[in-house]
Amino acid sequence: MEIWICSICGYEYNPENGDPENGIEPGTKFEDLPDDWVCPVCGVGKDMFEKK
């Protein structure tokens, strides 16, 4: 699975880990994140992430 990096703060979204603190189960691909999901560190939207 591909890791995605926030271009603002550098947070890495790893699909293997998900984002359980925000209701995203491990194994959730970046493409399958809800449209309203935001970076848990700085709050920007998915459009500010780039593939690692």
Side-chain angles (χ1 to χ4, degrees):
M1 290 192 201
E2 298 169 328
I3 294 175
W4 290 73
I5 300 175
C6 177
S7 62
I8 301 301
C9 72
Y11 168 81
E12 293 188 4
Y13 176 77
N14 185 336
E16 291 182 12
N17 300 331
D19 182 14
E21 293 177 2
N22 293 296
I24 306 299
E25 295 293 321
T28 303
K29 295 179 183 178
F30 185 82
E31 296 83 5
D32 294 335
L33 290 171
D35 290 337
D36 61 351
W37 181 84
V38 295
C39 176
V41 175
C42 70
V44 297
K46 289 170 55 177
D47 59 329
M48 298 303 291
F49 279 72
E50 300 172 352
K51 286 183 190 178
K52 183 172 182 178

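Small disclaimer: the values here were computed from a predicted structure and weren't measured. The basis for the numbers below is simple: all heavy atoms, side chains too, and nothing from hydrogens, waters or symmetry mates.
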Query raised in the report: Honestly curious: do Tyr11 and Phe30 fall in one hydrophobic cluster under the side-chain, below-4.5 Å linking rule?
Result: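 Cluster IDs for Tyr11 and Phe30 match.
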Requested in this report: Check whether any side-chain heavy atom of Pro15 sits under 4.5 Å from a side-chain heavy atom of Thr28, and report yes or no.
Outcome: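 Heavy-atom side-chain distance check fails, nothing below 4.5 Å.
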Query raised in the report: How are the rings of Trp37 and Tyr13 set to each other: parallel, tilted or perpendicular (split at 30° and 60°)?
Result: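 Geometry flag for Tyr13 against Trp37: perpendicular rings.
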Query raised in the report: Distance from Trp4 atom CH2 to Lys29 atom NZ, nearest 0.5 Å?
Result: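 Between atom CH2 of Trp4 and atom NZ of Lys29 there are 12.0 Å.
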Query raised in the report: What's the verdict on side-chain contact (heavy atoms from CB on, under 4.5 Å) for Ile5 and Glu50, showing C-alpha distance, side-chain angles and the deciding distance?
Result: CA-CA 5 Å; Ile5 300 175; Glu50 300 172 352; 5.6 Å; no
Query raised in the report: Are any side-chain N or O atoms of Lys46 and backbone N or O atoms of Leu33, one a donor and one an acceptor, separated by less than 3.5 Å?
Result: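 Between the backbone of Leu33 and the side chain of Lys46 there is a qualifying donor-acceptor contact (under 3.5 Å).
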**Report entry** Ile3 side chain reached by Glu12 side chain, heavy atoms, under 4.5 Å
**Finding:**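 Yes; the side chains approach each other to less than 4.5 Å.
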**Report entry** Nearest heavy atoms of Asp19 and Pro40, plus distance in Å
**Finding:**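 Minimum heavy-atom separation between Asp19 and Pro40: OD2-CG, 3.9 Å.
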Query raised in the report: Distance from Cys39 atom SG to Asn22 atom CG, nearest 0.5 Å?
Result: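 If we round to the nearest 0.5 Å, Cys39:SG and Asn22:CG are 9.5 Å apart.
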Query raised in the report: Side chains of Glu2 and Glu31: does their closest heavy-atom pair fall under 4.5 Å?
Result: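 A side-chain contact exists here, since the closest heavy-atom pair is under 4.5 Å.
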Query raised in the report: Rounded to the nearest 0.5 Å, how far apart are CE of Met48 and SG of Cys6?
Result: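 It comes to 7.0 Å.
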Query raised in the report: Any side-chain heavy-atom pair from Pro34 and Ile24 closer than 4.5 angstrom?
Result: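 Touching, per the 4.5 Å side-chain cut-off.
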